[in-house]
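What follows is a set of notes on a single structure, which appears directly below.
This chain uses plain numbering: 1 for the first residue, then up along the sequence. FYI, side chains are in, hydrogens and waters are out, and symmetry mates aren't considered; it's all heavy atoms of this structure. As the structure is a prediction and not an experimental result, all values here were calculated from the model.
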Amino acid sequence: MNQLLETISSLYLSGIPDALSRLPVNQTFYAGFIPYFGWEAEPEDYAEHGRTIYILNVERLSEINKQTTDANEASRLAYGWGEFIGGPELTIDSQELHESLLRWYTHQIDQDESPVLLNQIGGAIASACRKLNGTDWDNDRVTPDFVVFTACLDDEEHDVKFSDSVPGHWLKSKMNDGMFQWLANS
């Protein structure tokens, strides 16, 4: 299974930039979210949603900043996965990623949804995100500090945090901005 996780991580490394190259040109995007899953459902559903990048655009971020003057609350909203669902979406167009995720989630369900396996798939996605976030996106449709991250969409028993998806220097620079205290613990 470790080889499968390495394959999944490398497919995200190549698939995320490819998907982002298809962002609509009439908006600027602030962050992207890729879910992973823990509750029992059909592996096919998990594999399909695991290829989706949910996007937060700058317009929605402006709305969040108007909703609250509390910096921690704004940060929580901006990087909480709930703000992404129902917004713009991109699909990572990779049949190999779909098949690999299907194998992984079938195995996870067969193992009674082990928290260890849940954290392993989250860690594989976070690892790819961290590597990508440590490079220049070279995409004029994203903000200079654009990040892509992962979180478990439907289970409380997970150890993967937002900070696992971003390089330390990115998180440190955000902490200095004052708005992002919430990120250090999420």
Side-chain angles (χ1 to χ4, degrees), residues 12 15-39 45-46 48-92 118-119 121-123 125-186:
Y12 276 114
I16 292 169
D18 180 60
L20 291 177
S21 72
R22 297 187 309 272
L23 283 169
V25 295
N26 61 342
Q27 299 179 55
T28 304
F29 297 90
Y30 188 72
F33 165 67
I34 301 169
Y36 67 99
F37 305 91
W39 291 353
D45 293 336
Y46 288 162
E48 188 62 33
H49 291 295
R51 293 186 315 129
T52 303
I53 304 173
Y54 297 90
I55 304 292
L56 181 69
N57 60 29
V58 171
E59 291 79 12
R60 179 66 188 122
L61 180 66
S62 295
E63 291 172 23
I64 289 169
N65 286 327
K66 290 176 188 172
Q67 287 176 12
T68 181
T69 58
D70 180 80
N72 284 337
E73 177 68 5
S75 176
R76 186 188 65 74
L77 290 171
Y79 290 98
W81 59 258
E83 289 298 322
F84 289 76
I85 305 304
E89 300 175 7
L90 297 169
T91 299
I92 298 171
L118 178 65
N119 290 321
I121 188 67
I125 300 168
S127 174
C129 291
R130 186 175 48 255
K131 288 175 184 170
L132 290 168
N133 290 328
T135 64
D136 181 11
W137 285 104
D138 192 31
N139 186 328
D140 60 359
R141 286 165 271 184
V142 302
T143 61
D145 291 328
F146 179 88
V147 291
V148 64
F149 67 99
T150 191
C152 187
L153 195 59
D154 56 9
D155 198 299
E156 298 297 321
E157 297 182 32
H158 58 88
D159 292 334
V160 177
K161 297 177 172 42
F162 180 87
S163 58
D164 294 324
S165 293
V166 297
H169 71 317
W170 185 95
L171 190 58
K172 185 177 180 181
S173 74
K174 291 299 172 191
M175 298 304 286
N176 293 335
D177 286 351
M179 175 181 161
F180 298 90
Q181 299 298 319
W182 175 79
L183 293 176
N185 301 315
S186 59

Roughly how far, to the nearest 0.5 Å, is the CG atom of L56 from the OH atom of Y30?
-> 8.0 Å
Student check: side-chain heavy atoms of P17 and L132 closer than 4.5 Å | yes
Is any side-chain heavy atom of V25 closer than 4.5 Å to a side-chain heavy atom of R141?
-> yes
Aromatic rings F33 and Y54: how do their planes relate, parallel, tilted or perpendicular, breaks at 30° and 60°?
-> tilted
Heavy-atom donor-acceptor pair, T68 side chain to I64 backbone, under 3.5 Å | no
Of all heavy-atom pairs linking F146 and N133, the shortest is O-OD1, 4.1 Å
pair S21-D18: side-chain heavy atoms closer than 4.5 Å | yes
Check A31 against Y79 and note the closest heavy-atom contact, atom names and distance.
-> CB-CE2, 4.3 Å
How about K66 and E63: do any of their side-chain heavy atoms sit closer than 4.5 Å?
-> no
Hey, are the side chains of Y36 and L118 touching, using non-hydrogen atoms and a 4.5 Å cut-off?
-> yes
Kindly give the heavy-atom pair with the smallest separation between Q67 and L77, and that separation in Å.
-> OE1-CD1, 3.5 Å
Any side-chain heavy-atom pair from V148 and W137 closer than 4.5 angstrom?
-> yes
Taking D164 for the side chain and K161 for the main chain, is one N or O donor matched with an acceptor at less than 3.5 Å?
-> yes
Test L90 against every option in T52, I55, I16 by the side chain to side chain contact (heavy atoms under 4.5 Å, CB included) rule and name the one that passes.
-> I55
To the nearest 0.5 Å, what is the distance between CG (N139) and CZ (R22)?
-> 11.5 Å
Measure the acute angle between the ring planes of F162 and W170, then classify it against the limits of 30° and 60° as parallel, tilted or perpendicular.
-> tilted
Which heavy-atom pair separates A78 from L61 by the least distance, and what is that distance?
-> CB-CD1, 3.7 Å
Do any N or O atoms from the side chain of N119 and from the backbone of D159 form a donor-acceptor pair under 3.5 angstrom?
-> yes
Minimum side-chain heavy-atom gap Y12-T150 below 4.5 Å = no
Value rounded to 0.5 Å, distance of CZ in F149 from CD1 in I53 | 12.0 Å
Any idea which heavy atoms bring G50 and I34 closest together, and the distance?
-> O-CG2, 3.7 Å
Side chain proximity check, T135 to K131, heavy atoms < 4.5 angstrom | no
Minimal heavy-atom distance between V160 and G123, with the atoms involved, is CG2-N, 3.6 Å
